[in-house]
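I am attaching a structure below and will ask some questions about it afterwards.
Below, all heavy atoms of this structure are taken into account, side chains as well, without hydrogens, waters or symmetry copies.
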Amino acid sequence: MGSLFSKQVERRKNIKAEKKTLCDLNENCGETYPGSDYRPADRKNWMAGLGVDKVHINKIVWPGTHDSATNKIGIPFITRPFAQCQSLSVYQQLIKGTRVLDIRVNENRRVCHGILTTYGIDVVIGDIKKFLSETQSEVIILEIRTEFGHQDPPEFEKYLEEQLGEYLIHQDEHVFGKTIAELLPKRIICVWKPNKSPRPQSGSPFWNAGHLKDNWIDTDLPSTKFDSNLKHLSEQPPASSRKFFYRVENTVTPQPDNPIVCVKPVTNRIHGYARLFIAQCFTKGCADRLQIFSTDFIDEDFVDACVGLTQARVEGAC
């Protein structure tokens, strides 16, 4: 018992020290970078606001959400705090400016996070279609994966094509160099990551796991995650030359050996440092590699941080 207590005391010291590290870095280095003062007039239509004939897919800094469809997961006040990563519906996230969705499903076509489940995938599809019907030029990256430990939903590709076929941008590596205007009226890059089913091939309505990569670091230590994100990002090719999307997640996650296991207080250790991260990308010389930037509990400032850098790239300011 004594060793366990000592371990927890040491962990609290480490967390406190790492939070101070980020706070001090923010005070000393700031959050200024090309486009940091830009605010889109209409977040619902921010891509259109930048000019669809000017915005190339590989110049976009895509604001994304981690575990996007968990706003109603589990039982309120009981299991929900342990798995909820977003408080907004998928539709509300898209209205706010989110353009990358991370959806996990089980064999019954229900959205899940680990062992906890929520509404069916139909709810997500309905929210996406509603958003697309209300906008004309916004492009979405929709990542759908079979959650670890679950079986692939039967005939899932067929279902997705039936529901979203008119919007799907087919797998083609030339897409990365195209403008939004060149892709319209197609609006969705759908990355399907099954556990056992064959992966989508070139020409398919769906993109495969090789087209959306990341280096997930499972930690609740904010400075450790921040530094790891920078390190892994710096090892990637520039976004302008690669033929896949690369994601950085501005999140930290609860650990089973720590008393604090609810998502929100843990992820808040890093949540407010998104702009600092972008500024540090410029300091470290890897800003040209930043592409998908995701977070828990997305807010307007996070969206604006990504859109501002996108605007600067489109205007040639960086």
Side-chain angles (χ1 to χ4, degrees), residues 14-40 46 50 58-66 85 97-100 102 141 212-242 244-253 265-318:
N14 290 340
I15 291 168
K16 183 177 180 180
E18 293 217 3
K19 289 168 68 175
K20 185 177 186 302
T21 296
L22 287 185
C23 183
D24 290 347
L25 183 64
N26 195 47
E27 288 183 3
N28 295 329
C29 299
E31 303 175 334
T32 302
Y33 54 86
S36 60
D37 58 348
Y38 180 83
R39 298 292 184 275
W46 67 260
L50 296 179
N58 58 16
K59 287 188 177 180
I60 299 170
V61 180
W62 303 74
T65 49
H66 168 241
C85 298
T98 300
R99 292 296 177 267
V100 181
D102 162 22
I141 298 175
L212 202 171
K213 302 179 183 181
D214 54 36
N215 290 98
W216 174 254
I217 306 299
D218 188 14
T219 181
D220 61 358
L221 298 173
S223 182
T224 295
K225 183 62 175 282
F226 191 96
D227 292 342
S228 296
N229 282 343
L230 280 171
K231 174 183 178 294
H232 288 298
L233 182 64
S234 69
E235 294 167 350
Q236 304 304 313
S240 61
S241 64
R242 63 180 179 244
F244 60 89
F245 296 100
Y246 184 78
R247 172 171 52 205
V248 173
E249 302 209 61
N250 189 60
T251 60
V252 287
T253 49
V266 173
T267 201
N268 275 348
R269 296 169 188 166
I270 199 172
H271 185 270
Y273 295 108
R275 288 181 176 272
L276 174 66
F277 182 82
I278 297 175
Q280 284 296 295
C281 286
F282 280 93
T283 299
K284 303 296 185 183
C286 59
D288 61 341
R289 292 153 171 76
L290 188 60
Q291 192 170 44
I292 295 176
F293 199 24
S294 291
T295 189
D296 291 325
F297 302 102
I298 197 164
D299 55 29
E300 289 91 346
D301 189 68
F302 185 89
V303 170
D304 291 355
C306 297
V307 177
L309 180 51
T310 303
Q311 187 266 349
R313 286 179 175 178
V314 169
E315 297 302 324
C318 60

message: Nearest 0.5 angstrom please: N229 CG to C281 SG, how far?
response: 8.5 Å
message: Determine whether a donor-acceptor pair (N or O, by modelled atom type, separation under 3.5 Å) exists between the side chain of E249 and the backbone of S294.
response: no
- request: Rounded to the nearest 0.5 Å, what's the gap from CD on Q291 to CZ on F244? Could you check?
  value: 8.0 Å
Inter-residue atom distance L233.CG - F293.CZ, 0.5 Å rounding: 9.5 Å
message: Using the side chain to side chain contact (heavy atoms under 4.5 Å, CB included) criterion, which residues pair with K231? Sequence neighbours excluded.
response: E235
- prompt: Does the side chain of I292 come within less than 4.5 Å of L212's, by heavy atoms?
  reply: yes
- prompt: Would you say R247's side chain and D214's backbone share a donor-acceptor pair under 3.5 angstrom?
  reply: no
Exam field: side chain W62 to backbone I141, donor-acceptor pair closer than 3.5 Å: no
message: Can you tell me how far apart CG (D227) and CD1 (I217) are? Round to the nearest 0.5 Å.
response: 11.0 Å
field: Nearest heavy-atom neighbours spanning N58 and A239
entry: CB-O, 3.5 Å
- prompt: Considering the options N268, I15, V266, which one meets the side-chain contact (heavy atoms from CB on, under 4.5 Å) requirement together with V252?
  reply: V266
- request: Go through the steps to decide whether K225 and R269 satisfy the test side chain to side chain contact (heavy atoms under 4.5 Å, CB included), and finish with yes or no.
  value: CA-CA 10 Å; K225 183 62 175 282; R269 296 169 188 166; over 6 Å; no
Intermediate values then yes/no, side chain to side chain contact (heavy atoms under 4.5 Å, CB included), Q236 and N215: CA-CA 11 Å; Q236 304 304 313; N215 290 98; 3.9 Å; yes
Let me have the donor-acceptor pairs involving side chains of residues 22-31, under 3.5 Å, with sequence neighbours excluded, atom names and distances please.
residue, atom, partner, partner atom, Å
D24, OD2, K20, NZ, 2.7
N28, ND2, D24, O, 3.1

Ignoring hydrogens and angles, write down the donor-acceptor pairs under 3.5 Å from the side chains of residues 298-318, residues two or more places apart or on other chains.
residue, atom, partner, partner atom, Å
D299, OD1, D301, N, 3.4
D299, OD1, F302, N, 2.9
E300, OE2, K96, NZ, 2.9
D301, OD1, R275, NE, 3.2
D301, OD1, R275, NH2, 3.3
D301, OD2, R275, NE, 3.1
D304, OD1, R43, NE, 2.9
D304, OD2, R43, NH2, 2.9
T310, OG1, V61, N, 2.9
T310, OG1, V61, O, 3.4
T310, OG1, C306, O, 2.9
R313, NH1, K59, O, 3.3
R313, NH1, L290, O, 3.1
R313, NH2, A287, O, 2.7
R313, NH2, L290, O, 2.8
E315, OE2, K54, NZ, 2.8

- request: Dump the intermediate steps for side chain to side chain contact (heavy atoms under 4.5 Å, CB included) on F226 and T21, then the final yes or no.
  value: CA-CA 10 Å; F226 191 96; T21 296; over 6 Å; no
- request: Please name all residues satisfying salt bridge (charged side-chain N to carboxylate O under 4.0 Å, His left out) with K284, sequence neighbours left out, ordered by chain then number.
  value: none
- prompt: Listed by chain and number, what are the salt bridge (charged side-chain N to carboxylate O under 4.0 Å, His left out) partners of D102, not counting sequence neighbours?
  reply: R104, R145
- line: Residues passing the salt bridge (charged side-chain N to carboxylate O under 4.0 Å, His left out) test with R289, sequence neighbours excluded, are none
- request: Heavy atoms only: give me the nearest F297-H271 pair and the separation to one decimal.
  value: O-NE2, 3.1 Å
query: Is there a side-chain contact between P34 and F282, using heavy atoms and a 4.5 Å cut-off?
result: yes
query: Given H66, which of T253, D296, T295, T251 fulfils the side-chain hydrogen bond (donor to acceptor under 3.5 Å, both in side chains) condition?
result: D296
